[in-house]
Colleague: 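Structure in structure tokens, see below.
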Protein chains: 2
Amino acid sequence: MGTKERKQRQFEEREHRFLAAARELIREDGLLKLQMSRIAERAEYAVGTLYLHFASKEDLLLALTIEQVREHVELFLRVARWEASSRERMFAFGVADMLFVRRNPEHFRIGQYVFTEVVWNAASAERRAELLEANDPIGALVVGLINEAVDAGDLMLRGLTAEQVSVGVWALTIGTHNLVHAEGVMDDFNVRDPYRLFCRHLQTLLNGYGWNPLVDIADDGALDTLILRVSRELFPDLCGDCTAQAAKAAA
Amino acid sequence: MGTKERKQRQFEEREHRFLAAARELIREDGLLKLQMSRIAERAEYAVGTLYLHFASKEDLLLALTIEQVREHVELFLRVARWEASSRERMFAFGVADMLFVRRNPEHFRIGQYVFTEVVWNAASAERRAELLEANDPIGALVVGLINEAVDAGDLMLRGLTAEQVSVGVWALTIGTHNLVHAEGVMDDFNVRDPYRLFCRHLQTLLNGYGWNPLVDIADDGALDTLILRVSRELFPDLCGDCTAQAAKAAA
DNA sequence: ACCGATCCGTGAACCTGATTCAAGATAGAA
DNA sequence: TTCTATCTTGAATCAGGTTCACGGATCGGT
């Protein structure tokens with residue numbers, strides 16, 4: 001009897017529907033004004049039903065993040081499968097991150113909120129574990145690539161572990177997102193395209209590690225060309241303005 | 001008549017007292033359990049009085065952050081006045097940050113929360129402006145140092161502005177704090193001393209910029225010696241375990 | 001088709017905690 | 001001392017997250 005399975009499926013569909021409703025409301029009114037009763041209303045269910053799915057509002061926010069992280073992982077998987085040098089792939093991880101967050105500015109905001117002590121501790125332990133688990137592949141792919149680069153002779157760890165190297169790249173990435181989303185910082189600093197700047201910093205850091213082949217940091221054209229190549233070959237679907245970028249790079 | 005001034009001073013003292021009470025409560029029970037009524041109680045004033053100072057709970061959190069930022073700036077000023085090479089001073093900014101956050105783990109947590117869309121927008125515009133302003137010197141000092149390094153011939157900007165370079169360092173720093181405070185990340189990655197690791201990443205990034213004199217990334221002893229020197233010369237008051245570190249470095 | 005048992009969905013009521021504001025206290029001026 | 005302006009108070013209000021007693025749907029057995 002597949003009746004159990006059907007119920008299960010319907011339950012999951014409903015959960016997805018709640019999350020979609022929540023995402024809509026966040027887009028419309030911002031995270032600040034998100035209300036549980038509104039989410040239920042928008043999804044056309046009662047509040048009580050909403051609470052059959054999520055132990056608390058914070059729990060729902062984690063669930064929202066988990067869905068996004070899974071999409072995020074998809075992008076990283078594309079990079080991992082890409083036929084390119086280890087250095088290019090590491091750079092492509094950065095580009096993936098940049099495109100993802102640019103596409104989903106809400107995601108970063110929610111994620112930032114969710115990893116806050118207050119919210120994190122207010123969510124259920126199960127959901128927290130699920131989120132951490134959903135995140136795992138990202139770290140694993142990066143570490144895997146670093147190890148591959150070492151094996152290929154492109155990179156020397158020089159006393160660090162692959163994990164430790166990945167922490168550096170990761171920190172730069174997260175920090176960039178934080179700054180981009182912080183009120184006015186980037187404007188004050190006259191940074192037009194913060195994510196392009198991030199790409200340069202990433203290349204700088206990778207050069208610092210001595211990750212071969214080294215790139216010429218000052219070569220703007222090469223940077224744009226590479227970003228464009230990654231965007232085109234790996235993320236044509238995410239990058240509506242690829243053509244515009246191509247024009248810019250050509251100029 | 002100095003009666004106006006006296007009132008003013010008493011008002012400020014009371015504000016400080018509220019903030020101190022809030023900080024105490026956060027230390028005791030965590031940010032999650034912070035309640036306005038408790039703060040008032042602890043400071044021995046009525047709730048209404050508390051609201052004479054802060055437009056909302058979020059506003060109070062910003063005020064808390066502002067106080068800490070001012071202390072933070074003090075540390076950066078010490079670095080700026082330090083007699084050392086530009087590269088050493090830039091590194092010392094990193095050490096200052098690391099020591100500060102290590103000393104005040106709460107500060108980072110609150111700051112992280114406060115810069116969240118939800119909290120940020122729930123605070124008063126005045127307080128937000130005040131916080132941004134309090135932060136300004138940090139950026140200015142770093143940018144100033146970068147310019148000085150360029151003038152001294154220690155660094156070439158290679159098409160970037162000083163502000164843009166500072167964004168890279170800043171991103172790495174903020175990202176590190178985020179990772180350190182995120183549940184389990186550093187443990188999973190077998191990172192014993194994440195801030196020491198940060199120092200290495202910082203040196204790596206600075207090497208990537210070609211900031212002279214370049215350092216040997218793999219030289220752990222030199223790294224420890226430099227951290228120790230900065231700690232001793234600039235922050236003897238913040239670094240109770242300097243002697244322990246000295247022993248380690250000597251071994 | 002009917003029946004009881006079980007499970008599911010509901011939303012009004014509840015509860016916590018932030019915020020307000022009318023009333024009372026206080027300090028300065030005359 | 002008395003009057004007024006200002007400050008302080010904390011009980012009352014309000015918002016919104018969370019619960020749970022109720023009614024209706026589903027299902028297996030007859």
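Residue numbering restarts at 1 for every chain, and letters A, B, ... go by the order of the sequence lines.
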Colleague: Quick check on contacts: within residues 119-131 of chain B, what sits under 4.0 Å from DNA chain D by heavy-atom distance?
Modeller: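 Per residue number, the list is empty: none.
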Colleague: Specify the separation, in whole Å, of atom CD of B/Glu41 and atom P of C/dA18.
Modeller: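 Rounding to the nearest Å, CD of B/Glu41 and P of C/dA18 are 13 Å apart.
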Colleague: Would you please name every residue forming a side-chain hydrogen bond (donor to acceptor under 3.5 Å, both in side chains) with A/Gln10, sequence neighbours left out?
Modeller: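 Applying side-chain hydrogen bond (donor to acceptor under 3.5 Å, both in side chains) to A/Gln10 gives none.
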Colleague: What's the CZ-P distance between B/Phe54 and D/dT8, to the nearest Å?
Modeller: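 Going from B/Phe54 (CZ) to D/dT8 (P), I get 14 Å.
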Colleague: How close or far is atom C1' of D/dA21 from atom OH of A/Tyr51, stated in whole angstroms?
Modeller: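 Spelled out: OH on A/Tyr51 to C1' on D/dA21 is 18 Å.
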Colleague: Could you tell me whether A/Glu44 and A/Arg17 make a salt bridge, using a distance below 4.0 angstrom between a side-chain N and a carboxylate O?
Modeller: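 Looking at A/Glu44 and A/Arg17, the cut-off is met.
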Colleague: Thinking salt bridges, do B/Asp237 and B/Arg103 make one under a 4.0 Å N-O criterion?
Modeller: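 A salt bridge is absent here (no side-chain N lies under 4.0 Å from a carboxylate O).
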Colleague: Hey, are B/His16 and B/Glu67 close enough side-chain-wise for a donor-acceptor pair under 3.5 Å?
Modeller: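 Yes, a side-chain donor-acceptor pair sits under 3.5 Å.
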Colleague: With B/Glu28, which residues qualify under side-chain contact (heavy atoms from CB on, under 4.5 Å), at least two apart?
Modeller: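 By the side-chain contact (heavy atoms from CB on, under 4.5 Å) rule, B/Glu28 matches B/Glu24, B/Leu25, B/Arg42.
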Colleague: To the nearest Å, how far apart are B/Gln10 CD and C/dT26 C1'?
Modeller: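 Between C1' of C/dT26 and CD of B/Gln10: 12 Å.
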Colleague: In the 5'-to-3' direction, what one-character label does each nucleotide of nucleotides 9-14 of chain D receive under the scheme B = base within less than 4.0 Å of a protein heavy atom, S = sugar-phosphate only, - = no such atom?
Modeller: BB----
Colleague: Can I get a per-line list of side-chain donor-acceptor pairs under 3.5 Å for residues 161-170 of chain B, giving both atom names and the distance, sequence neighbours left out?
Modeller:
from, atom 1, to, atom 2, distance (Å)
B/Thr161, OG1, B/Glu163, N, 3.4
B/Thr161, OG1, B/Gln164, N, 3.0
B/Gln164, OE1, B/Thr161, N, 3.0
B/Ser166, OG, B/Glu163, O, 2.7

Colleague: Residues of residues 30-40 of chain B with any non-hydrogen atom less than 4.0 angstrom from an atom of DNA chain C: list those, numerically ordered, please.
Modeller: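 Residues of residues 30-40 of chain B that come under 4.0 Å of DNA chain C are, in numerical order, B/Leu34, B/Gln35, B/Met36.
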Colleague: Cut-off 3.5 Å, side chains only: do B/Asp97 and B/His177 have a donor facing an acceptor?
Modeller: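 Checked: B/Asp97/B/His177 side chains pair up, N/O donor to acceptor below 3.5 Å.
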Colleague: Nearest 0.5 Å, what's the OH-CZ distance between B/Tyr51 and B/Phe18?
Modeller: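 Reported value, rounded in 0.5 Å steps: 11.0 Å.
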